[in-house]
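All residue numbers refer to positions in the sequence shown, counting from 1.
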Amino acid sequence: MVAEARVKRIRLEEECRRRQEPPFAVGLGIGKGEDVVVVHPDLISCLPDEILHDIITLLPTRDGARTQAISRRWRPLWCAAPLNLQVDHRGLCGQDRKRVTLVAKILADHPGPARRLAIPWFRLRDRYAKIDGWLRSPALAGLQEIQISYAPDGGPRPLPPSALRFALTLRTAEFCCCDFPAADEEMAAPPSLHLNFPQLKNLTLRSASVSEATLHRLLSGCPALESLRLETNVGVGSLRVSSATLKSISIRVLCYPYRVTDPVMLQELVVEDAPRLERLLLVDPRNGPRTIRVMKAPALETMGMVSDGISELVLGTTVFRVAGSLQQCCNLLSLHLYICWLIIVPNCLSSSFLVRRWLP
C-alpha cells in the first residue's frame, strides 16, 4: 500500500508540473477496515522559487539542508538558496569535531552565494588554517552577514585577513574575542578594498584587540554605518567619530585580565560631527571613557549612563568637570544638564535633546 501511494504521489506531481497546477501531498489515512489514500494540496510548494529560497535561508543550517528530502520539487532549492551557515550546536550539531567536518562538506556541496556565516564561541586550538580555508571558499561569495567569535582560552586569537574579503557585500559584521588584523597587513583582497565596507550598516567589536589607527581607518571606510558597538576592547585609547549616517553608538570600557598585560583602554571619546546620531550609550555604570566630548550631534536624544570613570563631559560649548567621583554629584549634574540644555541647543544639539537615561 505504501508503494502504491508513493507511485501515485510521483504521478500526481508530474501531472501537476505539466498542467502548471498546484501539486498535491499524498498520505495514508485509515478507513473502515482498509487503508484510504488522502490527497490534499501542498500550497507551500506552489510558492515561487524566490520565496522558497528566502524560507530555506532563514532556517538553521541543518534544517535548510533537510528540505531536500521533502520532495522532488524541493530537492534543488537548497543549493539555489543563499547559504546560511551557522557553525554551532543549533545550526549543525553538538559535537565540536563533527561540526568542523560538516562545514567542509557543506561548503563543498553548496555552490553559493551566501547570506550569513556565524562562527560563535569557536575553540580555535590548531584550527586557524581551517577557518582561513572556510573563509576563502567560493560558496561564501556575496556574504552579507558575518559573525566570528573565539572561545577565550588565553592564547593568541588572530582573525584571518581573509575574513575581510567580503568587504564589498557585508551589511552586518561582528568580531568577538579576536585580534583584528592591522591596517597595513596583507589581506586576501585587492589593496583598494582594504577596510572599505560600502554597504556595512552594523558593526560590533567585542573583547577584540585592535589598534587605534586600524579602527579609525575602518570607521572611515564605512560610509553607510548606522550602528557601532564597541565593548571591552583593547588597543584604542582615543576614538574620534565623524559620520553622516551613524544613529547609535554603544560603548563599554572594561578589560578582562587574561587578555593582555597593561592594556590600552578607551580614555577619550569625541563625537566630532554626527548629524543623525540619536543614541550614545555607555552600558557599564562602573566604567567609562574618562573624557566624553559631543561637539556636533543635532539629533541626539538618549545618553547614559554616568559612571565613576567619567571625569569630563563636554556637550557643545558646555564643559562639566568633576574632581572626584561623578556618581557623588550625579544629582547636581543631572539638574545642571536639564537647566543648560536650552543654552546648548544653538551650538550642538536640537531642541528635542533630553538626557533620558543619564542616572543608572
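With rounding to the nearest 0.5 angstrom, the CG atom of L168 is 12.5 Å from the CG atom of L143. Atom-to-atom distance recorded for L195:CG and L200:CG is 11.0 Å, nearest 0.5 angstrom. Atom CD of E50 and atom CG of L77 lie 10.0 Å apart (nearest 0.5 Å). To the nearest 0.5 angstrom, L239 atom CG is 7.5 Å from I249 atom CD1. If you take CZ on R252 and CZ on R206, they are separated by 9.0 Å, rounding to the nearest 0.5 Å. Separation of atoms CD1 (I56) and OG1 (T67) is listed at 4.0 Å; rounding is to 0.5 Å.
The closest side-chain heavy-atom distance from L277 to V241 is not below 4.5 Å. Between Q147 and P120 the shortest side-chain heavy-atom distance falls below 4.5 Å. I292 has its side chain within reach of L282: a pair of non-hydrogen atoms, C-beta onward, lies under 4.5 Å apart. Counting only heavy atoms from C-beta outward, the side chains of L246 and L219 never approach each other to under 4.5 Å.
Taking each heavy atom of S250 and E231 in turn, the nearest pair found is OG-OE2, 4.0 Å. The nearest pair of heavy atoms linking L52 to L47 is CD1-O, 3.7 Å. Among all heavy-atom pairs drawn from A224 and T245, the shortest one is C-OG1, 3.4 Å. A139 approaches H110 most closely through the heavy-atom pair CB-O, 3.2 Å. Contact record, T57 with P82: OG1-O, 2.9 Å, taken as the closest heavy-atom pair. Across all their heavy atoms, A244 and R276 have their closest contact at O-CD, 3.2 Å.
A search for ring-ring contact (aromatic ring centres under 6.0 Å, His included) contacts involving F175 returns F180, not counting sequence neighbours. The salt bridge (Lys or Arg N to Asp or Glu O under 4.0 Å) search around D273 returns none, not counting sequence neighbours.
Checked for salt-bridge contact, R279 and E301 miss the test: no charged N lies under 4.0 Å from a carboxylate O.
Between the side chain of E272 and the main chain of R240, no donor-acceptor pair closer than 3.5 Å is present. For T61 (side chain) and N84 (main-chain N/O), a donor-acceptor pair under 3.5 Å exists by modelled atom type. Counting only distance, with no hydrogens or angles, the side chain of N233 and the backbone of S209 share no donor-acceptor pair below 3.5 Å.
Enclosure of atom CG in L58 by more than 12 non-hydrogen atoms of other residues, nucleotides or ligands within 6.0 angstrom is indicated. For CZ of R123, the number of neighbouring non-hydrogen atoms (other residues, nucleotides, ligands) closer than 6.0 Å is 12 at most.
Each ring pair (Phe, Tyr, Trp, His ring centres under 6.0 Å) pair with one or both residues in residues 130-152, not counting sequence neighbours, appears once here: F122-W134.
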Using the side-chain contact (heavy atoms from CB on, under 4.5 Å) rule, take L230 and L266 through it: C-alpha gap first, then chi angles, then the decisive distance, then the call. CA-CA 10 Å; L230 302 175; L266 187 63; 5.7 Å; no
Intermediate values then yes/no, side-chain contact (heavy atoms from CB on, under 4.5 Å), L140 and R165: CA-CA 10 Å; L140 296 180; R165 77 179 184 91; 4.2 Å; yes
Given the rule in the side-chain contact (heavy atoms from CB on, under 4.5 Å) test, do R73 and D49 qualify, once you have shown the distances and angles that lead to the verdict? CA-CA 10 Å; R73 167 79 173 95; D49 286 0; 2.8 Å; yes
Can you check side-chain contact (heavy atoms from CB on, under 4.5 Å) on E145 and R115, steps first, answer last? CA-CA 6 Å; E145 301 179 25; R115 184 184 70 87; 3.0 Å; yes
Derivation and outcome, side chain to side chain donor-acceptor pair (under 3.5 Å), residues T291 and E268: CA-CA 5 Å; T291 301; E268 181 184 43; 5.4 Å; no
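When the side chains of ILVMFWY residues are joined at heavy-atom separations under 4.5 Å, either directly or via intervening members, L59 and L102 end up in two distinct hydrophobic clusters. Follow the hydrophobic side-chain contacts under 4.5 Å out from W121 and you never reach I148; the two are in separate clusters. Side-chain heavy atoms closer than 4.5 Å link hydrophobic residues (I, L, V, M, F, W, Y) into clusters, and following such links, possibly through other members, connects I119 to V100.
In the model, S227 has no side-chain atom that pairs as donor or acceptor with a side-chain atom of S248 under 3.5 Å.
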